[in-house]
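Contents: one structure, followed by commentary.
What you see below is based on every heavy atom in this structure, not just the backbone, and it leaves out hydrogens, waters and symmetry mates.
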Protein chains: 2
Amino acid sequence: MAQAAGVSQSTVSLVLGGKWRGRVSPATARGVREAAERLGYRLNVAARNLRLGTTRTVMLIVPTLDNPFFGPVYTGVARIAARNGFGVVVYPWPEAARGDGAGGSPDGGREAADAERGGEGDGANGLFGGAREAVDGILAMSMAEEALRGFPGTPAVMLDSDPAGAAPTVVFDVAGGARAIAAHLAALGHRRIGHVASAVDAWTFRARGGALAASVEALPGGTLVRTETAIEAGAAREAAGRLLDGPEPPTALVCDDDLIAAGAYKAARARGLDVPRDLSVTGMDDVLLATALEPELTTVGLPAEELGAEGMAALLAVLDGERPPACSLPGRLVVRGSTAPPRAARP
Amino acid sequence: MAQAAGVSQSTVSLVLGGKWRGRVSPATARGVREAAERLGYRLNVAARNLRLGTTRTVMLIVPTLDNPFFGPVYTGVARIAARNGFGVVVYPWPEAARGDGAGGSPDGGREAADAERGGEGDGANGLFGGAREAVDGILAMSMAEEALRGFPGTPAVMLDSDPAGAAPTVVFDVAGGARAIAAHLAALGHRRIGHVASAVDAWTFRARGGALAASVEALPGGTLVRTETAIEAGAAREAAGRLLDGPEPPTALVCDDDLIAAGAYKAARARGLDVPRDLSVTGMDDVLLATALEPELTTVGLPAEELGAEGMAALLAVLDGERPPACSLPGRLVVRGSTAPPRAARP
DNA sequence: GCGCATCAGTCATACGTACCACCCCAGGGC
DNA sequence: GCCCTGGGGTGGTACGTATGACTGATGCGC
């Protein structure tokens, strides 16, 4: 390439690296670029990374791609990253989110494959997957801190995760959201409230449940009945059904997220209950589904894109050697058609 | 590190790289691993990538993270990749999917940022973002082939994209799915059918629309009325409404995906029409939403995970220098509660 | 005409790994 | 005692880039 352009390798690096101003004449620079274009030559990323000791790329770890909620989070991250010359790569890591294998390396089945090919645990830590590990920083969304153990020494910020940990965090004020829902239902006259909780063992759900329980119990005459549900379709419906079929069924169901609320709708319909006349239902997250349901769902909207942006900003601070303060973003109660006064409170 | 373990750098590389069997004694190998553990030492990924000229990582490009449909696709890709010692990284690239900027580099705002910092287009092609570009192969989901222009020379397989292109493809048989829906509605007695099409200009939607139109027009007395909708919430409702408010409204609405179908439900309800008694509605994709709706949606389930797995297998073949044959995966019509004979056909 | 500054570019080196070629040593056959 | 073999390990080099130190040429002030 260098001789194709009639210059030295240094000059090629200068030009293609974009820092030629004042060192290389515009004419020469143009010549180099044209030669590169002609030959389809591009700078070798691995060599650059090695030389610079940096990749200017961060990794966003998410529990799954099945949840559209992470879309806007990525958007926020990518926006701030781009503005600062960073790239973003997404790494879905369900094992870490579920807790199994969170202590291990981020290789998932790779180690198994390694062993299969005769490795029998030699490498000890996952060695394959260059690009995935070659990042300057990590944003871990809805994860336990153990998830970071696979990346010792890599700067990290936790999103929507327990702020009590060692790593800096940016979280939603999910407790505030839960309190807002409780206050809304209390104002409508509800006292006997059901909580259809997510079975996922994550800080965000623990925090929602805790705040909800505290709010309801502080209510005169308030009682909370609780059940858990997996995310599989149908499971939420069954779980909500358990509460509705119990003695003294609740007049309102608070669901840990919007998808669970959809299950609650179906449980209500199956029992001939009208939402919201016979049963109020609330969700959390305000994803597209919330307005696709009939009636539209009362829920708490969480600023997902802002979370991503704040998280990336915090990570940039960490990379600059600073220690960003913990950050909590408030949600917003969105009252739609799924909540109303309980039957008994009406004339 | 080498002297900490009392061996040469070569031996460290051998041991940590996992190919020491027969070259290093087990005792020495253990010593090296212990020293590495003690020092928190790990092999440098960038150096390895440079030396080997490979990263054993592939990139899955998706149009957006907002759509849960891509979750299972990733799962399928990751499964096959892991089995073969490859890592997978996800790169959401909305600009490419929309067609604007598809001819450019995969840098999105990065070039803008570059210019901002004084680059004024010098680098020409995106130079930042080491990890994102350092991949051995690309799987591009629901993309136009132009999206690959940003990665000249990188082996690629297109998923759910126009099979007429130069790159190998793995697609859903969306045309077959559309025909199955048309046949189902025809069997129920529907003749006047509305098509609420996605405004996204992608092969998959063009193929759906084309097959549907052909099927309906082949029907004795069959007519198809068509409208387009954006993905924004509410837009689908409005679009469906346009068809329902026209002269001689259709007795069935075929929607390009499940989310659009949810909008159609709302349009029907707003007009006092019962689904499926007054109006049949169908979707496509069979995402979770399909069973969250009431009534549950008749739709076509697409084998998303299988698509990912087949795609990754095809990419591995390409990396081996082979030329995998085009592959088309059939969908499966799932008849649920949203379709029924039209009113006129009933006694 | 001379010294000095500036411009345009090159040289040489280091980044950390993988692996070929080599070396050393112990043991064994004869 | 000598050659051979093979196991166990090391030396040295190349991968392609970025960059500080250096060089040669040109222009300019005096």
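Taking atom CZ on Arg30(B) and atom P on dG8(D), their separation rounds to 14 Å, with Å as the unit. Atom P of nucleotide dG16(C) and atom CG of Leu52(A) are separated by 12 Å, given to the nearest angstrom. Leu39(A) places its CG atom 16 Å from the C1' atom of dG16(D), with the value rounded to the nearest Å. Between the P atom of dC15(C) and the CG atom of Leu43(A) lies a distance of 21 Å, rounded to the nearest Å. As a whole-Å value, the separation of Trp20(A) CH2 from dC7(C) C1' is 14 Å. Between the CD atom of Gln9(A) and the P atom of dT19(D) there is a distance of 12 Å, rounded to whole Å. With rounding to whole Å, Leu16(B) atom CG is found 15 Å from dG16(C) atom P. Rounded to a whole Å, the CZ atom of Arg42(A) is 21 Å from the P atom of dC15(D).
Among the atoms of the strands shown, base atoms are found under 4.0 Å from some heavy atom of Leu50(B). As judged by a 4.0 angstrom heavy-atom cut-off over every strand, Val7(B) is placed among residues touching the sugar-phosphate backbone only.
Within the structure, a side-chain polar atom (N or O) of Thr28(B) is placed less than 4.0 Å from OP1 or OP2 of dG9(D). The phosphate of dC19(C) has OP1 or OP2 within less than 4.0 Å of a side-chain N or O from Lys19(B). Side-chain N/O atoms of Arg48(B) include none lying less than 4.0 angstrom from OP1 or OP2 on dG16(C). Listed pair Ser25(B) / dG8(D) fails the phosphate criterion, with no side-chain N or O lying under 4.0 Å from OP1 or OP2. Residue Ser13(A) places at least one side-chain N or O closer than 4.0 Å to OP1 or OP2 of dA18(D).
Under the 3.5 Å distance criterion, the side-chain polar atoms of Ser161(A) are matched with a main-chain donor or acceptor of Met143(A).
Listed nucleotides: dG16(D), dG9(C), dT17(D). Nearest to the side chain of Arg23(A): dG9(C). Listed nucleotides: dC11(C), dG9(D), dG16(C). Nearest to the side chain of Asn44(B): dG16(C).
Leu307(B) and Val170(B) make their closest contact through CD1-O, 3.4 Å (heavy atoms, listed as atom of the first residue, atom of the second, distance). Scanning all heavy atoms of the two residues, the minimum distance from Arg33(B) to Leu16(B) falls at CG-CD1, 4.3 Å. Between Ile80(A) and Ala313(A), the shortest heavy-atom contact is CG2-N, 4.2 Å.
Applying the 3.5 Å distance criterion, the base of dG11(D) shares a donor-acceptor pair with the side chain of Ser10(B).
Residues Thr11(B) and Ser8(B) have side chains that bring a donor and an acceptor to within less than 3.5 angstrom of each other.
When each of Leu14(B) and Arg51(A) is assigned the nucleotide of DNA chain C with its nearest heavy atom, Arg51(A) is the one assigned upstream, toward the 5' end.
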